[in-house]
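Before anything else, here's the structure in question.
Note that ligands are numbered from 1 as they come in the structure, with each ligand's atoms numbered from 1 the same way. Given the structure is predicted, the values throughout are model-derived calculations rather than measurements.
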Amino acid sequence: MMIEYNPQYNQFNLYTKNNQLSLSVLPSGHLVLLYFGKKVSSESLHYYTNEIKRASYLADTDSTKDFKLEQFPLVYPAYGNPDMRTPAFQFTYENGSRISDFRYKTHSIFAGKKEIPGLPNANTNQEVSSIEIILQDEVTKNEVNLSISCFEEYDVFTQHIEVFNYSEEILKINRIMSANIDLLSDKYDLITLNGAWGRETHIQRNRIHQGYQGVDSKRGASGHGQNPFIALADQSANEHYGDVYSMNLIYSGNFIANAEVDMHQNTRMQIGINPFDFEWTLLPDKSFSTPEVVLVYSNKGFNRMSQLYHQFYLDCLMQSRYSKKLRPILINNWEATYFDFDREKIVKLAKEASQLGVELFVLDDGWFGKRNSDDSSLGDWEPNQMKLGGSLQNLIQEINQLGMKFGIWIEPEMVSRKSELFKKHPDWIIQVPNRVPQQVRNQYVLDLSRAEVQDFLIETIDSILSENNISYLKWDMNRNITDIGSRVLPMDRQKEVGHRYILGLYRVLDTIVSKHPDVLIESCAGGGGRFDPGMLYYTPQIWTSDDTDAVERLLIQEGNSFVYPPVSMSCHVSAVPNHQVGRITSLKTRGIVAQQGNFGYEINLLDITDEEKMQIKEQIELYKLHRETLQFGTHIRLSVYDEQNEVAWMKRDEEKVIISHVYRLAKANTVPKRLKLCQLEEAAVYYLEGTNRRFSGGELMEIGIALERPTHDFYSSQWILTKEKQKEVNGC
Ligand code: GLA
C-alpha cells in the first residue's frame, strides 16, 4: 500500500515511486501538511510543525495561548478561525453566518480510486491507492471529504473535495478550492501559462512577493488568456534542475489559481472553481464535488514535471481510444478556402492531398445550413447540398475513394441569430431577463445547463455521426459567455449557471464519446481557448491556436508542452505570408515546428509550386517514418545559448532521438554554439542519419552537436539519431 497511517502521531504518509506527501492531525483536530516533496526516509515528521517559532500579533486558536493556526501549513483551511489567510472554502449558513470549523473525524485508506460523478477525472485502471479524510463541523454536522489518490508509477497525486450537507439547513457554497498547499517559504517563482487569442500558453515566470497573485478565468471557459495551471519553482530552477510544485485542474470552466505570500514569508497555493460569480445551493442530504486537481512535484526542474504530466495524461486521464494510437496526418480546408468552397474545390484539394500522402480530409466551417460567412446557421446542422454538390454521404464516399478518411467541423454549443434553431427556441440561449443578449461573431451560446438543450445536442451530433462515415470531428467553441443567466434556474441559483454549463457540456461529450468511440474528436475554442485536462479527458487532441505562424507557434507550443502531451497539440503547416501575422518562413521551418505535435496541413495545395509539393511529400514521408517517436517519444525542451533567439527540443524513445532547433533571427558574424542533448544513455551509441558519424550518449550530452550558421531568418535544423541495438554494443 502506498499510504501509511501512523496512529501514534496521527500521521499519514502518501508515497509514489519517488515522492511523498505527509499530513497529520494536530491535537486540536486541524489537518496540517507536514511535507510535500522527494521521498524522505523518516519514521515521523510530527515534530516539524511543533518547531515553528511563534510570531506576534496572530490570533490564538481555541483560546490557547501561542497556538497560532495561521502559522501552520494547513491542508484545507476554513474561513472564520484564527487563520486569516485566504481560505480554501467558505460557506454561508441560513442564519447568515459564514464561519466554519472543520476538524478531523475519521479516515479510510483503500486500493483503487472512486469516480467523481459528472466530472472528468483520472481513471482507476492503474496501480493506485486512495485516502479519504473526513473533516466535520461540530456545530452543523456537515462534512468535508478530502480524497487524495497516489498513482505510484506516475509520481502523481490527485485530489478532490466533496462536501456533504448533513444539517437540516440549506448550505450556500461560496468558495470551494480543489486543493490548497502551504509552503513555509517564499523563495519561489510563480509560473503560469498566459496569453490571448492567437498567443496562447506563453510561459510567464515572476518572483512571488508578499500579497496575492495568480490567474483566473471569468469567461465561461478556461480561456486563451490563462490556463488552469500554476507552479511554484525554486528561484534557480530551470528545465533540468530544481524543485517545482505544480497543480493542474481537470476542468474547462471558470477557475482560479493563485499564490499568496503572508506576513511571515510563507506561501499558500490554491486552485479550484473560480469563486467569482459562483454560489452553489446545497440542500440537506446532498453533496457537491469539486473538479479533481493533479499535483506534480519535480526535483529535477521543468522537463521532469512536464514528462510526469504527459505520461499521466496519456495513461490515466485521456479516455479516448486514440489517446495512445498513432494519429493520422490531416489536411483541413479552413485556411485554404475559408467559407468559399464548393464540391469541386474540396475534391480537388483532397485529391492533391491524397497524392502527397495525407490520410484524413477535414471539412471545416461552412458545410451546413446557409452558412457562407460567420453570420448565420449555427444550430442548423443540415448539410448544404447545393454547396456540397449532393449529399454529405456522397461527398464522403468520393473522399474515401481517394484513400482518405473524412472529418468534419461542428460548433454545437452555439446558435446563430440567423438560424432556424434560434427562431424555434429563442429561449434556449444563455441570457438574463430585461437585457438584450450580446452577439459575438453573430452568435449566442446555448444554455447547456438545461437538460433539453443537452439532449438536442446529443441527438443532433449522434445522427450526423451515425448517418455518415465520419472518422474525425472538430468540436469548436468560438465565443466566451456573456450575459450569464439561465431561464430555468430560480433567481437565487443563477450563480450556478457557469458550473452547470460545464457539467452539461461534459454530459454531452461523455454520451457522444461512448456512442462513437471510433471517432477521433479534436476540440477547439477559437484555437486554444479551452486547452485543459477536462477537455483532454474526452478529446485526445486540441487545436492549439488559430495562429499558425511557425515562429509564433514556438512560444505557444513550448508553453503548452509544459503540461500537455505534445501529441494532444494539433499543429498545421499553413501558407506564407502567414494569414495571422504576415510572416514568411520556409516550408522546412513550418514543417519542423508543426512536427512538434500532431501533424497536418491547412494550406491550399492547388496554389503552390511543384517544388513545394515535392517538399511536402518528403515532409509527410519523414513524419510517417518517425511518427511513433514524434508523437509519443519523451519530449525534452533543450537549453540554448541565446534564449531570446533560439528554441530547441528533442523527442526520444528506445530507438531514436529526433532533435529540432530553430533560430528566430539570423545575425551577422556569429559563431554558433553547440547544442547539448539530455536524458540519453551515456554508454549507448547513436548514429546520425545521413552521415556515417557515431556518437556516445555521454558525448551528445556533454559536448553536444554543432549548430549550423543561420543563413536567413527563422532558420531551422533537424537531426535524427538512431540508437545502436544493445546486443551489438555488448558484442553478443
Ligand atoms: C475557429 C477555429 C478555426 C476554424 C474557424 C471556423 O476560429 O479555431 O480553426 O475552424 O473557427 O469558423
Per-residue contact class, Asn332 against ligand 1 - non-hydrogen pairs under 4.0 Å:
neither

Using only heavy-atom distances, determine whether the side chains of Ser306 and Arg637 contain a donor-acceptor pair under 3.5 Å.
yes

Within ligand 1, which atoms have a heavy atom of Lys474 less than 4.0 Å away?
3 (C), 4 (C), 9 (O), 10 (O)

Any donor-acceptor pair under 3.5 Å linking the side-chain atoms of Gln631 with those of Tyr623?
yes

Check ligand 1 against Cys524 and write out every atom of the ligand that is under 4.0 Å from a heavy-atom position of the residue.
2 (C), 8 (O)

Hey, do the aromatic rings of Tyr564 and Tyr309 have their centres closer than 6.0 Å?
no

Is there a donor in the side chain of His661 and an acceptor in the side chain of Glu646, or the other way round, less than 3.5 Å apart?
yes

At a non-hydrogen distance cut-off of under 4.0 Å, which region of Asn478 contacts ligand 1 (side chain, backbone, both, or neither)?
side chain

Are side-chain N/O atoms of Arg590 and Asn578 paired as donor and acceptor at under 3.5 Å?
no

Short list, please: which atoms of ligand 1 are under 4.0 Å from a heavy atom of Trp543?
8 (O), 9 (O)

To the nearest 0.1 Å, how far is atom 7 (O) of ligand 1 from its closest protein heavy atom, and which atom is that?
Asp546 OD2, 2.9 Å

Is it the case that Ser252 and Asp532 place a side-chain donor and acceptor less than 3.5 Å from each other?
yes

Met477 contact mode with ligand 1 (heavy-atom cut-off under 4.0 Å)
neither

Can you tell me if Asp364 and Asn333 form a side-chain donor-acceptor pair at under 3.5 Å?
no

Is the shortest side-chain N to carboxylate O distance from Arg507 to Asp455 below 4.0 Å?
yes

At less than 4.0 angstrom from any non-hydrogen atom of Gly527, what atoms of ligand 1 do you find?
8 (O)

Of the protein's non-hydrogen atoms, which lies at the shortest distance from atom 10 (O) of ligand 1, and what is that distance?
Asp364 OD1, 2.6 Å

Which of the atoms of ligand 1 are close to Asp365, meaning less than 4.0 Å from one of its heavy atoms?
6 (C), 12 (O)

Heavy-atom gap Arg441 to ligand 1 smaller than 4.0 Å
yes

Taking atom 2 (C) of ligand 1 as the reference point, the nearest protein heavy atom with its distance
Asp476 OD2, 3.1 Å

